[in-house]
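A quick write-up on the structure given underneath.
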Protein chains: 2
Amino acid sequence: MMELTRKGEYAIRGIVYLAGKPIDKVCLLSDIAAAVNVPPTFLAKIFQQFSKIGLVKSFRGTGGGFMLGRPPESITLLEVVEAVEGPIIPNRCVVSPSDCERSGECTVHPVWRRVQDEVRGVLEGVTLKELLTETQTHTTC
Amino acid sequence: MMELTRKGEYAIRGIVYLAGKPIDKVCLLSDIAAAVNVPPTFLAKIFQQFSKIGLVKSFRGTGGGFMLGRPPESITLLEVVEAVEGPIIPNRCVVSPSDCERSGECTVHPVWRRVQDEVRGVLEGVTLKELLTETQTHTTC
DNA sequence: CCTAAAAAGACATTTTATATCTTTTTAGGG
DNA sequence: CCCTAAAAAGATATAAAATGTCTTTTTAGG
């Protein structure tokens with residue numbers, strides 16, 4: 001259980017790749033997809049989600065493409081993952097206890113809350129910059 | 001993401017219910033299912049899985065039913081969840097890095113490992129006994 | 001206006017989750 | 001030795017989510 005989906009995996013690969021480029025370098029989606037070995041059409045959907053919340057900037061038309069929306073050291077893994085997978089929710093009840101018909105009796109509740117906090121804490125503590133390898137840093141597209 | 005399935009939720013409800021009964025009390029599946037509001041046939045499958053690994057003991061035929069396999073203070077939430085949901089795996093790569101075609105470049109790897117450790121740690125720290133409410137403790141079926 | 005590229009939306013396929021139903025096995029009691 | 005109660009096992013059904021693909025539209029540069 002608790003498995004990251006392909007979408008999440010692809011999302012991380014794609015944006016980490018971007019993070020390894022000069023901040024103002026515009027990369028073609030097709031190039032990114034090829035580099036990180038992800039179906040281009042699928043990656044397109046992912047980057048559209050990124051674009052909407054400013055994680056990446058997109059440019060249409062000739063010479064268009066994508067670049068990172070903010071410096072790599074300011075983007076956390078948590079943001080990336082939640083952008084495409086939705087919030088980290090170990091259990092439905094964590095979201096709204098009031099919706100839970102058994103909330104009165106549910107002693108498991110605080111446990112899931114702690115799981116949520118721990119996971120978010122770990123992912124929030126990692127930035128894109130920290131995920132770069134030497135070979136990735138400052139290479140051209 | 002990271003959401004517990006119904007199966008996992010039902011599993012917890014069912015076994016926590018059992019944990020609230022006297023250790024040698026045999027409970028009917030149909031009674032348990034009704035008490036915790038879970039489809040009986042579905043709960044049957046879950047308890048079959050529990051039974052195979054000794055989390056519960058089952059008895060067939062007239063007067064049959066289920067009882068807890070071990071004292072409630074010795075059964076952790078981690079065991080219960082992994083029994084029905086499988087191991088806690090935030091990312092495929094965590095299982096076998098050698099299978100991962102990108103393991104050389106994958107800097108995210110250790111992060112998922114930490115997530116896994118944290119989640120397992122939290123769930124391992126909670127026993128069925130701790131999940132019981134006063135009302136649940138030592139009631140009859 | 002022509003072309004390159006992303007955005008948006010519709011569609012297709014596969015896998016997983018969520019059950020249900022039927023048949024089989026096991027055990028107790030008369 | 002049957003009869004009944006109950007779990008085990010297996011087959012099947014439906015719905016939802018994951019994983020893509022394809023087509024059309026919008027945007028921008030030359």
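Excluded from the calculations below are hydrogen atoms, water molecules and symmetry mates; all remaining heavy atoms, backbone and side chain alike, are included. In the text below, chain A, chain B and the rest are named by the order of the sequence lines, each starting its count at 1.
- In this model, a side-chain donor or acceptor of B:Lys45 finds a partner on the base of D:dG10 within 3.5 Å.
- Nucleic acid contact for B:Ser51: sugar-phosphate only, since backbone atoms but no base atoms lie under 4.0 Å from a heavy atom of the residue.
- Rounded to whole angstrom, the span from the CZ atom of A:Phe59 across to the P atom of C:dA5 amounts to 15 Å.
- Put simply, CG on B:Leu4 is 11 Å from P on C:dA17, counting in whole angstrom units.
- Of all heavy-atom pairs between A:Thr76 and A:Glu124, the closest is CG2-O, 3.4 Å.
- In this structure, A:Glu9 pairs ionically with A:Arg13, as a charged nitrogen and a carboxylate oxygen lie closer than 4.0 Å.
- Nucleic acid contact class of A:Ser58 (heavy atoms, under 4.0 Å, all strands): sugar-phosphate only.
- Regarding B:Met67, its CE atom lies at a distance of 15 Å from the C1' atom of D:dA6, rounded to whole Å.
- Partner assigned to D:dG30 is C:dC1, using Watson-Crick or G-U wobble distances below 3.5 angstrom.
- The distance from atom CZ of A:Arg6 to atom C1' of D:dG20 is 12 Å, rounded to the nearest whole Å.
- Relative to the side chain of A:Thr41, the nucleotides C:dA6, D:dC22, D:dA9 differ in distance, and D:dC22 lies closest.
- In plain terms, the two heavy atoms of A:Met67 and A:Leu18 that are nearest each other are C-CD1, 3.7 Å.
- When both pairing distances are held under 3.5 Å, C:dT18 makes a Watson-Crick or G-U pair with D:dA13.
- Checking the phosphate oxygens (OP1, OP2) of C:dG28, no side-chain nitrogen or oxygen of B:Thr62 falls inside 4.0 Å.
- A cation-pi arrangement is found for B:Lys21 relative to B:Tyr17, the charged atom lying closer than 6.0 Å to the ring centre and inside a 45° cone about the ring normal.
- Nucleic acid contact class of B:Phe47 (heavy atoms, under 4.0 Å, all strands): none.
- Nearest nucleotide to the A:Phe42 side chain, out of D:dT19, C:dA19, C:dA6: D:dT19.
- Dashed line: the shortest gap from a side-chain N or O of B:Thr5 to OP1 or OP2 of C:dT18 is under 4.0 Å.
- The interatomic distance linking B:Arg13 (CZ) with C:dT18 (P) rounds to 12 Å, in whole Å.
- Atom CZ of A:Arg60 is separated from atom C1' of C:dA6 by 6 Å (rounded to the nearest Å).
- When all heavy atoms of A:Val84 and A:Gly8 are compared, the pair lying nearest together is CG2-CA, 3.9 Å.
- When distances run from any side-chain atom of A:Leu29 to the nucleotides C:dT26, C:dA6, C:dA7, the shortest one goes to C:dA6.
- Residue A:Phe66 is classed as a sugar-phosphate contact, given heavy-atom separations below 4.0 Å to backbone atoms only.
- If you measure from atom CE of A:Met1 to atom C1' of D:dA18, you get 17 Å, rounded to the nearest angstrom.
- The nearest pair of heavy atoms linking B:Val26 to B:Gly63 is CG1-O, 3.9 Å.
- When the P atom of D:dA17 is taken as reference, atom CD of B:Glu3 falls 10 Å away, rounded to whole Å.
- No engagement by A:Lys57 is indicated, since no non-hydrogen atom pair under 4.0 Å with the nucleic acid exists.
- Here the side chain of B:Tyr10 is nearest to one of C:dA19, C:dA6, D:dA8, namely C:dA19.
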